[in-house]
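Inspection log for the structure reproduced underneath, given as structure tokens.
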Number of protein chains: 2
Amino acid sequence: MKKSMGAKTMILPTPVLIVGTYDVAGKPNVMTVAWGGVCCSEPPCIAISLRRATYTYWNIVEKKAFTVHIAVESYLKEADYFGIISGKKVDKFTATGLTPVRAEFVDAPYIKEFPLVFECKLLHTAEIGLHTQFIGEIVDTKIDEDMLTDDGFPAIEKMKPVAFAPGIRDYYSFGKVLGKAFSIGKQIGKEAT
Amino acid sequence: MKKSMGAKTMILPTPVLIVGTYDVAGKPNVMTVAWGGVCCSEPPCIAISLRRATYTYWNIVEKKAFTVHIAVESYLKEADYFGIISGKKVDKFTATGLTPVRAEFVDAPYIKEFPLVFECKLLHTAEIGLHTQFIGEIVDTKIDEDMLTDDGFPAIEKMKPVAFAPGIRDYYSFGKVLGKAFSIGKQIGKEAT
């Protein structure tokens with residue numbers, strides 16, 4: 001029996017995305033957002049949603065560029081911190097001891113210590129309500145070489161990405177592999193025909 | 001040392017979202033998408049990206065409504081199947097033996113057997129490129145009562161949501177709880193001040 005909960009934003013899993021930007025003075029900042037993800041394959045794009053009250057919002061409006069990192073277990077405390085405090089008040093790189101690096105293709109910084117980074121240039125902005133959605137075209141993806149599998153994919157078991165459960169507000173590790181996408185469902189097609 | 005991979009759509013985790021729609025004749029259909037997630041808190045909204053070639057695309061254009069389910073381990077084979085074959089060719093409910101139920105507030109069907117469902121009405125459409133992004137306002141969330149914690153949140157350990165790793169195309173279970181969001185990072189603030 002299903003119970004109605006009203007309108008809840010509890011998609012599972014939700015990613016933990018760290019957005020890097022420069023302010024007008026060139027100060028690097030990072031902010032953690034949960035509302036975001038890939039939104040197009042060609043051109044490859046990432047959407048992130050931000051409130052106008054954030055420092056990052058105005059940095060993106062100004063610079064039309066941002067980076068996106070995924071949170072990993074080894075820097076989860078830092079990723080959580082980036083979502084708690086505003087870059088208006090503190091230098092988050094100084095506070096955490098992490099290293100800002102100028103991105104190669106866009107006017108935004110990335111965090112050297114985070115293993116997977118997407119460099120994005122702003123393509124489209126949509127005012128939805130409390131949040132504004134910025135869609136950025138991915139112009140490059142950078143990964144720590146020791147985090148690659150032999151086949152050239154991110155090695156999940158080494159990188160240890162983090163998933164978020166909104167509502168209860170818990171961070172989760174990735175568990176076990178359950179199967180291949182575009183593959184395990186084929187059995188049903190065969191049974192049905 | 002970071003290696004450049006070019007533009008890759010490899011956000012980790014990526015959700016596994018099953019979108020429910022009716023066609024013009026009222027036939028229920030479901031399709032699995034990976035590009036999507038929450039994009040606004042107020043009004044609460046979910047964004048999903050679809051190619052124009054899909055059956056679901058035209059159903060949403062026509063009906064201006066859709067449901068979103070999350071994939072769970074107990075129906076992962078079915079969720080994968082929904083992303084492999086088009087509703088133009090088969091009745092996916094008949095093929096899987098799952099049960100379509102008319103949503104309470106929008107003109108779309110949901111899958112009775114899936115534990116968590118969001119009913120959405122179309123709010124905004126953005127043509128990005130290969131994919132079109134549909135933003136739907138969540139008007140209700142429905143959950144199987146036995147999948148709730150005592151505090152009224154989705155019970156992750158019972159529901160067993162599934163995460164997707166694009167690129168390598170593996171489905172993953174949720175692992176262990178790593179900590180509370182908006183909490184575990186506070187330690188850094190204290191250290192820094």
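Labels below follow one simple rule: chain letters A, B, ... track the order of the sequence lines, proteins then strands, and each chain is numbered from 1. Fair warning: this is a prediction, and the values are worked out from it, not measured in the lab.
With a 4.5 angstrom heavy-atom cutoff, A:P115 touches chain B only via backbone atoms. Proximity to chain A is limited to the backbone of B:F114, based on heavy atoms less than 4.5 angstrom apart. When heavy atoms are compared at a cutoff of 4.5 Å, A:F118 approaches chain B solely by way of its side chain, counted from C-beta outward. When heavy atoms are compared at a cutoff of 4.5 Å, A:V33 does not approach chain B at all. B:V68 touches chain A through its side chain: at least one heavy atom from C-beta onward sits under 4.5 Å away, while N, CA, C and O do not. Contacts of B:V72 with chain A are absent, with no heavy-atom separation under 4.5 Å from either backbone or side chain. Both the backbone and the side chain of A:E42 come within contact range of chain B, with heavy atoms under 4.5 Å apart. Proximity to chain B is limited to the side chain of A:A165, based on heavy atoms less than 4.5 angstrom apart. Residue contact with chain B, scored on non-hydrogen atoms closer than 4.5 Å, involves the side chain of A:I84 exclusively. For A:V117, the part sitting under 4.5 Å from any heavy atom of chain B is the side chain, from C-beta outward, and nothing else.
B:T141 places a side-chain N or O within donor-acceptor distance of the main-chain N or O of A:G6, the cut-off being under 3.5 Å. Looking only at distances, a side-chain donor or acceptor of A:K180 sits under 3.5 Å from a matching main-chain atom of B:I168. When atom types are taken as modelled, the side chain of B:K2 and the backbone of A:K112 share a donor-acceptor pair closer than 3.5 angstrom.
B:V30 and B:Y55 are members of different hydrophobic clusters when ILVMFWY side chains are connected at heavy-atom separations under 4.5 Å.
Atom CZ of B:F153 and atom CZ of A:R169 lie 8.5 Å apart (nearest 0.5 Å). Annotation: the span from B:Q187 atom CD to A:D80 atom CG amounts to 10.5 Å, rounded to 0.5 Å. Taking NZ of B:K186 as the start and CD1 of A:I85 as the end, the distance is 11.0 Å to the nearest 0.5 Å. Put simply, NZ on A:K8 and NZ on B:K142 are 13.5 Å apart, with the number rounded to the nearest 0.5 Å. Put simply, CZ on B:F82 and CD1 on A:I188 are 7.0 Å apart, with the number rounded to the nearest 0.5 Å.
Taking 4.5 Å as the limit, every side-chain heavy atom of B:C40 sits out of range of all side-chain heavy atoms of A:Q133. Using a 4.5 Å cut-off on side-chain heavy atoms (C-beta onward), A:D170 and B:I156 make no contact. Within the 4.5 Å cutoff, side-chain heavy atoms of B:E73 are placed close to those of A:L178.
Taking both residues in full, the closest heavy atoms of B:A181 and A:Y171 are given as CA-CE1, 3.4 Å, listed atom of the first, atom of the second, then distance. Shortest non-hydrogen contact noted between A:D140 and B:M5 is OD1-N, 3.9 Å. Contact record, B:S41 with A:W35: OG-NE1, 2.8 Å, taken as the closest heavy-atom pair.
Counting heavy-atom pairs closer than 4.5 Å to chain B, the top residue among A:I70, A:V177, A:L76 is A:V177. Of the residues considered (A:G152, A:G83, A:A163, A:A71), A:A163 shows the highest number of contacts with chain B, using heavy-atom pairs under 4.5 Å. Contacts with chain A were tallied for B:G37, B:S183, B:G179; B:G179 has the most, counting heavy-atom pairs under 4.5 Å. Of the listed residues (B:V38, B:T32, B:L130, B:I138), the one with the most heavy-atom contacts under 4.5 Å to chain A is B:V38. Per-residue heavy-atom pair counts under 4.5 Å with chain A were compared for B:T9, B:L123, B:I143, and the maximum is reached by B:I143. Here A:A7 is the residue among A:A7, A:G129, A:G36 with the most heavy-atom pairs under 4.5 Å with chain B.
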Let me have the donor-acceptor pairs involving side chains of residues 44-54 of chain A, under 3.5 Å, with sequence neighbours excluded, atom names and distances please.
{"from": "A:S49", "atom 1": "OG", "to": "B:C39", "atom 2": "O", "distance (Å)": "2.6"}
{"from": "A:R52", "atom 1": "NH1", "to": "A:Y57", "atom 2": "OH", "distance (Å)": "3.0"}
{"from": "A:T54", "atom 1": "OG1", "to": "A:R51", "atom 2": "O", "distance (Å)": "2.8"}
{"from": "A:T54", "atom 1": "OG1", "to": "A:Y57", "atom 2": "N", "distance (Å)": "3.2"}

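Interface residues of residues 11-25 of chain B toward chain A, defined by a heavy-atom distance below 4.5 Å and sorted by number: B:I11, B:L12, B:P13, B:T14, B:P15, B:L17.
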